[in-house]
Amino acid sequence: MTVPYNHREVEQKWQKVWDDEKAFKTSDDYSKPKYYALVEFPYPSGQGLHVGHPRPYTALDIVARKRRMQGYNVLYPMGWDAFGLPTENYAIKNHIHPRIVTKNNVERFKGQLHALGYSFDWDREINTTDSDYYKWTQWIFLKLFKAGLAYKSEMPINWCTSCKVGLANEEVVNGVCERCGAEVVRKVKSQWMLKITEYADKLIQGLDTVDYIERVKVSQKNWIGKSQGAEVDFAITGKEEKLRIYTTRPDTLFGATYMVVSPEHPLIDKYRDEIKNYDELCAYREQAAKKSDFERTELAKDKTGVQIDGITATNPVNGKEIPVWISDYVLMTYGTGAIMAVPAHDERDWDFAKKFHLPIIEVVAGSKVSVQEQVYTDVATGTIVNSEFLDGLSVADAKERIIAYLEEKGIGCSKTNFKLRDWVFSRQRYWGEPIPIVECEKCGFVPLDESELPLELPEVESYMPTDNGESPLAAMTDWVNTVCPCCGGPAKRETDTMPQWAGSSWYFLRYTDPHNKEALAGREALEYWMPVDWYNGGMEHTTLHLLYSRFWHRFLYDQGQVSCAEPYQKRTSHGMILGSNGEKMSKSRGNVVNPDDIVQDYGADTLRTYEMFIGAFDLSAAWSEDGVKGCRRFLERVWKLQDIIVDGDAYSADLETKMHQTIKKVSGDFENLKYNTAIAAMMALINEFYKKNAVTRGEYKTLLILLNPVAPHITEELWQAAGYEGRVYQTTWPEYEEAKTVESTVELGVQINGKLRATITVSKDETKDAVIAMAREALGDKLTGTIAKEIYVPGRLVNLVVK
RNA sequence: GCGGAUAUGGCGGAAUUGGCAGACGCGCUGGUUUUAGGUACCAGUGGGCAACCGUGCAGGUUCGAGUCCUGUUAUCCGCACCA
């Protein structure tokens, strides 16, 4: 009888061995084939590791370990995305420097990850808050600035009226401050912006060249929101000036019965003398500005607006005079801030026209507008009517025709718009990368010289933002007042810092060469390692982090700094781990599971196995302590196979097919995010061993290798105990023979009219006639009437169609 | 409202992509070992006495549908009037 399975001893032992042997150190031998597996690096929060973290980490650890055994040079790194709000807030509250808070949290996280036995190369650990690291974040910012992609602009920020502090979006809950519950208003402040919009098209096109799960591609495309339409000039009656609008439906131009401009549109102030109800418009504008996003959502269906009295416009294609309204359903930030309204064929225009009794003209025949009193927005069917030279055309043809007409007459042009907005890049916070720009009275915004990087975060007395909304750095006059790098005159440093997204927008590059002092990473390292072969992360990062980092990478590519256009070859996403009640884990719900407890009580291998077995990797799954026990039981059963090992390096004859099938199944499933079925296959395999009460040394060896990526500690221990050579992590991944995965005899279902009536066992290469004959015999009396059709699907079933 | 997903035993979930639904695990029932509890092991476990019926619901295509098509309901996630 063998010793019992003591997970604590086994896991500590092997973690030490791996450390001592530098088992997972990435090699600098660039002649080997490479594999770069990446998981999103965590924010080291004060709560420590959550059971959600190990799910993706284990999944890619499995891939990384398997790839090493397949002979690849594997880069599987880990680091810390450590700038950010919670650390800063904790520092403010407890009067501890955020650097200390970060250091403590990182230590805790690292200890927890280490205890889970991940094969990260810790020599490549990075931390976004190290000045050696953020030096290069600042360096990239300077490149963006010099390329004209960083600029300052007035943007509204969330302002808590009670705390007198600018808030991040995530600190605003239902329109009030998360901390004090006071009202949050918009306050305009000059902020750094990055022109991600300039890369909108490249970011869409790049998606065609990469292997991302479909829903990630779809979300990115929707977020960028490309729409093709036209800009058209409407004449303002009696004026030289035109009112330019954007529309995706230029084909409905003849159906425009009024226009709407956004309340902030400059037209209103420009013609204030001619406008008879200017005061009324101003009142509406003020009301619209006060509406919070929350209220605007609530009121989405109920349209409001005021007609501009004194101004009308002329439809350029038919010369008709139409009224102009203002309404907050038109946004100043999209298109031109003005629209033509075609109520017959746009839902919002329809609602608005109905409310204010404006005329509705049908220009796409779909019978619904006039007959059923319904808006008709379908573009795939329908024929243009009431539109002179467009009559009879399809929507698509009419679009083409009208755009040609507009361009010929000089009253409009085709135009592409994006929903994507530029990236607001500054934060009025302490715990972020300082923006390496000074403002000189004479020279304006001047970038620091690269030699001055890193621009280190100075020590401050208080991390609290100031009451006027400036960053805490603004109070440090010694630091703020500096000289202009350009003219030597007096200048002030930028006191805002970068958002948390900055450090994570390029970290995958740093891992390739983390200690490089001369560059963000060496050229050779970048060329060898990039792109990331497989990147896994949460769906919540699809539109921000993933898009931002693709933007930075594409920019660096255009600058000749990196050698591939897209940073990630493959992107997958994991599902969330929910509490045992099926709800999201949270302290307030009291359903949080601490991974440390599971590691203590059941072991890291059990936790890893369970998290992989819990369900389909991309779907959310509820935690179950009983499920954990089941996985522990499985490992116990693997442990106890030691008692029934028999001699023989080969697979036994009766299990040969099963062995080859299992290798195939596990190898394939590990590549396709199907960890749950891979583990199920291994469970089924050991059930076979127990049925026979014997496992050959050859079978046992294969099992240990297959299971090793999932449960690395126990398999190393058993490997050593069985006296196999070296370590599992140094061995070679087993091969299977396709021919040997097929059983020589198969059981077939025999159906009558699609219903199962019997089963027969036949040899895999039996002829159809013979199989049918056997099927008829097996059915006996059950077969009545005449057979109209005989269907034989080899390896599957026989179906007899009877009349 | 728009976009994306999901729906299969008591529970978590499988199903070679149109071919024997319920793999694997949990739980449960009975048994063996044990002073007992737990552990471990063995047998059983979708429903129904049966014929049969069973993959959210209603239709359809097919020799054959969890899988394809049409419609519909519920739940979850993301977005918010983008002309």
Side-chain angles (χ1 to χ4, degrees), chain A residues 4 214-216 218-219 221-223 225-227 229 245-250 252 259-260 293-294 296-297 299-303 327-331 333-342 345-349 351-352 417-421 539-540 542-543 575-576 578 580 582-584 609-610 613-616 618-631 633-634 636-637 640 661 664-665 668 674 676-685 687 690 746-759 788-802:
Chain A
E214 199 49 34
R215 57 192 172 128
V216 168
V218 169
S219 309
K221 276 186 196 149
N222 289 345
W223 188 263
K226 183 175 184 167
S227 78
I245 61 100
Y246 175 70
T247 179
T248 52
R249 294 293 304 276
T252 62
M259 298 181 78
V260 187
D293 287 351
F294 190 64
R296 282 181 83 151
T297 308
L299 300 172
K301 278 164 216 133
D302 193 18
K303 297 277 183 290
S327 172
D328 62 4
Y329 85 88
V330 174
L331 309 174
T333 49
Y334 186 78
T336 61
I339 61 157
M340 65 167 189
V342 185
H345 307 291
D346 181 280
E347 230 156 293
R348 293 148 305 177
D349 297 346
D351 293 344
F352 194 83
N417 271 334
F418 297 93
K419 289 185 199 173
L420 186 70
R421 314 279 172 80
M539 271 315 278
E540 69 275 19
T542 306
T543 46
M576 236 191 305
L578 306 171
S580 50
E583 290 172 17
K584 206 169 161 174
T609 307
Y610 174 63
F613 188 62
I614 192 167
D618 57 338
L619 298 179
S620 55
W623 186 265
S624 150
E625 183 101 9
D626 282 333
V628 176
K629 285 181 188 156
C631 289
R633 205 170 294 166
F634 165 59
E636 297 267 7
R637 278 164 66 80
K640 277 185 280 192
Q661 284 173 342
K664 182 180 179 181
K665 176 82 179 147
K674 300 184 76 171
N676 53 339
T677 49
I679 293 168
M682 291 189 271
M683 288 172 166
L685 181 64
N687 288 345
Y690 277 111
V746 277
E747 210 174 72
L748 292 184
V750 179
Q751 298 181 334
I752 298 176
N753 293 340
K755 301 224 181 271
L756 186 70
R757 287 291 177 267
T759 54
K789 203 169 174 185
E790 295 165 341
I791 294 152
Y792 170 47
V793 185
R796 302 268 181 263
L797 50 62
V798 177
N799 187 17
L800 302 179
V801 184
V802 175

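- Residues meeting the side-chain hydrogen bond (donor to acceptor under 3.5 Å, both in side chains) test with A:Thr759, sequence neighbours left out: none.
- In this structure, A:Ile752 atom CD1 and B:rC52 atom P are separated by 10 Å, rounded to whole Å.
- Partners of A:Asn222 by side-chain hydrogen bond (donor to acceptor under 3.5 Å, both in side chains), not counting sequence neighbours: none found.
- Taking atom P in both B:rC57 and B:rA7, one finds a spacing of 13 Å when rounded to whole Å.
- Atom CH2 of A:Trp223 and atom C1' of B:rA80 are 10 Å apart (whole Å).
- Per the geometry, OH belonging to A:Tyr329 stands 19 Å off P belonging to B:rG1, to the nearest Å.
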Report all side-chain donor-acceptor pairs from residues 788-802 of chain A shorter than 3.5 Å, counting only partners two or more places apart or in another chain.
{"unit_1": "A:Asn799", "atom_1": "OD1", "unit_2": "A:Asn753", "atom_2": "N", "d": "3.4"}
{"unit_1": "A:Asn799", "atom_1": "OD1", "unit_2": "A:Gly754", "atom_2": "N", "d": "2.9"}

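- Taking A:Glu540 as the reference, nothing meets the side-chain hydrogen bond (donor to acceptor under 3.5 Å, both in side chains) condition, with sequence neighbours excluded.
- No donor-acceptor distance shorter than 3.5 angstrom exists from the side chain of A:Tyr329 to the backbone of A:Phe352, with no hydrogens or angles considered.
- Across all strands shown, A:Ser327 has no heavy atoms under 4.0 Å from either base or sugar-phosphate atoms.
- If you check B:rC63, B:rC79, B:rC52 against the side chain of A:Asn799, the one that comes closest is B:rC63.
- Taking the P atoms as reference points, B:rC41 lies 35 Å from B:rG19, given to the whole Å.
- Pairing each heavy atom of A:Ser624 with each of A:Tyr610, the nearest pair is N-OH, 2.9 Å.
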What does the list of N/O pairs under 3.5 Å between the protein and nucleotides 43-50 of chain B look like, with a distance for each?
none

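- Across the interface with RNA chain B, nearest-nucleotide mapping of A:Thr759 and A:Leu800 shows A:Thr759 to be the residue nearer the 5′ end.
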Strictly under 3.5 Å: I want the nitrogen or oxygen pairs between protein and nucleotides 22-25 of chain B, one per line.
{"unit_1": "B:rG25", "atom_1": "OP1", "unit_2": "A:Asn687", "atom_2": "ND2", "d": "3.3"}

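- Every residue meeting the side chain to side chain contact (heavy atoms under 4.5 Å, CB included) condition with A:Lys226, not counting sequence neighbours, appears here in chain and number order: A:Asp201, A:Ile204, A:Gln228, A:Thr416, A:Phe418.
- Looking at heavy-atom distances under 4.0 Å, A:Ala616 makes contact with sugar-phosphate atoms alone, never a base.
- Note on A:Lys789: every side-chain N or O is 4.0 Å or more away from OP1 and OP2 of B:rU62.
- In this structure A:Thr248 satisfies the side-chain hydrogen bond (donor to acceptor under 3.5 Å, both in side chains) test with no other residue, sequence neighbours excluded.
- Comparing the C1' positions of B:rG54 and B:rG48 gives an interatomic distance of 11 Å, to the nearest angstrom.
- Under the side chain to side chain contact (heavy atoms under 4.5 Å, CB included) criterion, A:Ala621 pairs with A:Arg55, A:Ile614, sequence neighbours left out.
- Between the NZ atom of A:Lys674 and the C1' atom of B:rU17 there is a distance of 10 Å, given to the nearest Å.
- Distance A:Arg796 CZ to B:rU16 P: 9 Å, rounded to the nearest Å.
- Rounding to the nearest 0.5 Å places CE of A:Met259 at 6.0 Å from CD1 of A:Ile245.
- For the P atoms, the distance linking B:rA65 with B:rG18 amounts to 14 Å, nearest Å.
- Spacing between B:rG4 and B:rA83 at atom C1', rounded to whole Å, works out to 24 Å.
- If you find the closest nucleotide of RNA chain B to A:Thr336 and to A:Ala622, the one lying nearer the 5' end belongs to A:Ala622.
- With a glycosidic angle more than 90° from 0, B:rU32 adopts the anti conformation.
- Distance CZ (A:Arg215) to P (B:rC79): 15 Å, rounded to an integer number of Å.
- Between the base of B:rC81 and the side chain of A:Lys303 there is a donor-acceptor pair shorter than 3.5 Å.
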Let me have RNA chain B in dot-bracket notation, would you? Count Watson-Crick plus G-U wobble pairs, both distances under 3.5 Å, and use [ ] for pairs crossing earlier ones and | for inter-strand partners.
(((((((..(((......[....)))((((((.......))))))((....))..(((((..]....))))))))))))....
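- For A:Leu619, whose side chain is taken as the heavy atoms from C-beta onward, the closest listed nucleotide among B:rC79, B:rA5, B:rG4 is B:rA5.
- When every heavy atom of A:Met539 is checked against every heavy atom of A:Ser219, the shortest pair comes out as CE-OG, 4.3 Å.
- Base orientation for B:rG9: syn, the chi torsion being within 90° of 0.
- One interatomic measurement links the two molecules: OH of A:Tyr610 to C1' of B:rG13, which rounds to 11 Å at whole-angstrom precision.
- Atom CE in A:Met576 sits about 8 Å away from atom P in B:rC77, given to the nearest Å.
- Residues meeting the side chain to side chain contact (heavy atoms under 4.5 Å, CB included) test with A:Ser620, sequence neighbours left out: A:Met576, A:Leu578.
- Contact annotation for A:Glu790: no contact, since no heavy-atom pair falls under 4.0 Å across all strands.
- Taking atom C1' in both B:rG13 and B:rC63, the straight-line distance is 31 Å, to the nearest Å.
- Comparing the same atom, C1', in B:rC11 and in B:rU16 gives a spacing of 26 Å after rounding to whole Å.
- Taking the P atoms as reference points, B:rU67 lies 14 Å from B:rU6, given to the whole Å.
- Among the heavy atoms of the strands lying under 4.0 Å from A:Ser227 are primed sugar atoms or P, OP1, OP2 only; no base atom is included.
- Applying the 4.0 Å criterion to OP1 and OP2 of B:rA83, one finds that A:Tyr334 has a side-chain N or O inside that range.
- Note on A:Lys665: nothing from the nucleic acid sits closer than 4.0 angstrom, heavy atoms only.
- Taking A:Lys674 as the reference, A:Asp669, A:Asn672, A:Asn676, A:Thr677 meet the side chain to side chain contact (heavy atoms under 4.5 Å, CB included) condition, with sequence neighbours excluded.
- The two residues A:Met340 and A:Asp349 make their nearest non-hydrogen contact at O-OD2, 3.9 Å.
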